Amino acid sequence: MKILVTNDDGIDAPGINALAEALCEVAEVAVVAPDRERSAVSHALTLHHPLRAIKVGQNRYSVDGTPTDCVNLGIHSLLDFHPDIVVSGINRGANLGDDVTYSGTVAAALEATLMGIPAIAFSLATLADDANYSQAASFAVRLAALVIKNGLPKDTFLNVNFPAKGELLSPLITTQGKRRYEGTIVDKVDPRGRSYYWIGTADLDFHDIEGSDYAAIKRGHISITPLHLDMTNHYSIAHLNSWTF
Ligand code: MN
């Protein structure tokens with residue numbers, strides 16, 4: 001197996017190191033990751049300034065760009081192999097429900113899927129500094145091997161979330177859940193009397209929808225959500241076609 005590993009928490013994050021180390025046991029691994037935290041940059045691609053990649057180890061590159069930049073540079077320039085799979089993470093914090101649209105972790109997997117390479121995004125549902133990524137990394141190795149063996153449906157990648165702690169219960173195939181958005185802006189005044197606003201996303205507050213990603217990890221299961229590139233709402237086409245334009 002040949003594997004490209006990236007993330008959005010930066011190349012020194014504990015999650016990417018746990019993932020790369022576990023994968024090294026069974027595969028040829030290259031790491032191309034942002035040089036600093038780039039969480040919530042979504043699918044941003046850097047077009048208006050050049051990118052630098054610093055080789056920080058054998059098959060290991062730190063890039064001053066986004067996760068999407070890293071996948072592009074890795075595949076098209078830096079790597080001396082074509083990966084069988086791209087894995088992103090393990091993210092510090094969950095990527096559930098609507099949050100997948102903000103996630104740099106998920107976007108890296110999306111970018112690989114655009115290139116026709118199977119991909120998985122991994123996230124651990126805790127922001128704790130002392131989080132233990134080892135159980136999640138072990139499962140990631142098994143899942144990567146399964147994806148390489150079985151392939152994925154066309155234009156589809158997997159968004160995997162792990163519960164914060166405890167023994168991981170069996171993986172469930174889930175749907176993308178729904179976040180509650182109330183009360184997420186902190187509105188305060190700074191020491192110089194000017195208002196400031198801070199968008200808060202740290203709390204795990206989702207609707208507990210049966211079969212959803214959130215419902216699975218809330219109950220201690222690993223959540224595996226198949227996502228795809230086509231954002232068309234196929235259900236609405238008949239309705240819109242009934243309009244008179
Ligand atoms: Mn992140």
Side-chain angles (χ1 to χ4, degrees), residues 3-23 29-46 51 56 60-74 85-113 119-137 139-140 143-144 157-165 176-177 179 181 184 186 198-206 213-214 217 222-225 227:
I3 303 180
L4 169 60
V5 182
T6 190
N7 75 347
D8 76 357
D9 294 333
I11 194 158
D12 295 319
I16 195 171
N17 287 322
L19 182 58
E21 272 172 32
L23 289 167
V29 173
V31 175
V32 182
D35 62 355
R36 71 202 80 170
E37 179 165 359
R38 303 301 302 265
S39 292
V41 298
S42 188
H43 200 200
L45 184 65
T46 302
L51 293 166
V56 292
R60 203 177 153 83
Y61 297 88
S62 168
V63 175
D64 60 348
T66 66
T68 296
D69 295 332
C70 290
V71 172
N72 269 281
L73 261 64
I85 188 169
V86 172
V87 297
S88 179
I90 300 167
N91 189 61
R92 177 173 178 259
N95 277 304
L96 300 166
D98 305 305
D99 288 358
V100 301
T101 61
Y102 303 107
S103 170
T105 307
V106 171
L110 192 150
E111 184 67 9
T113 310
I120 316 173
F122 294 104
S123 304
L124 182 65
T126 177
L127 300 175
D129 288 330
D130 62 349
N132 185 343
Y133 291 87
S134 61
Q135 275 196 99
F139 180 79
L143 185 60
F157 63 98
L158 303 180
N159 181 39
V160 178
N161 281 274
F162 299 99
K165 50 185 147 215
Q176 184 184 324
R179 184 178 257 289
Y181 276 99
T184 56
V186 173
W198 203 326
I199 298 172
T201 56
D203 293 337
L204 263 187
D205 192 11
F206 289 83
D213 46 16
Y214 174 75
I217 72 147
I222 301 168
S223 166
I224 303 179
T225 312
L227 299 179

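This structure is a prediction, so every number in the text was calculated from the model and none was measured. Indexing begins at 1, ligand by ligand and atom by atom, following the structure's order.
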Query raised in the report: If you look at Asp8, which of its N/O/S atoms is nearest to the Mn ion (ligand 1)?
Result: OD1
Query raised in the report: What are the two closest non-hydrogen atoms of Asn72 and Glu111, and how far apart are they?
Result: ND2-OE2, 2.7 Å
Query raised in the report: Looking only at atom types and distance, does a side-chain atom of Ser42 sit under 3.5 Å from a main-chain N or O of Thr101, one as donor and one as acceptor?
Result: yes
What donor-acceptor contacts under 3.5 angstrom involve side-chain atoms of residues 121-130, with partners at least two apart or in another chain?
residue: Ser123; atom: OG; partner: Asn95; partner atom: ND2; Å: 2.9
residue: Thr126; atom: OG1; partner: Ala128; partner atom: N; Å: 3.0
residue: Asp129; atom: OD1; partner: Arg92; partner atom: NH2; Å: 3.2

Query raised in the report: If you look at Asp9, which of its N/O/S atoms is nearest to the Mn ion (ligand 1)?
Result: OD1
Report task. Kindly determine whether Asp9 and Ser39 satisfy side-chain hydrogen bond (donor to acceptor under 3.5 Å, both in side chains), including the steps that lead there. Result -> CA-CA 6 Å; Asp9 294 333; Ser39 292; 2.9 Å; yes
Report summary line: So the angle subtended at the Mn ion (ligand 1) by Ser39 atom OG and Asn91 atom OD1, rounded to 10 degrees, is 180°
Query raised in the report: Got a sec: is Glu37 within less than 2.8 Å of the Mn ion (ligand 1) via an N/O/S atom?
Result: no
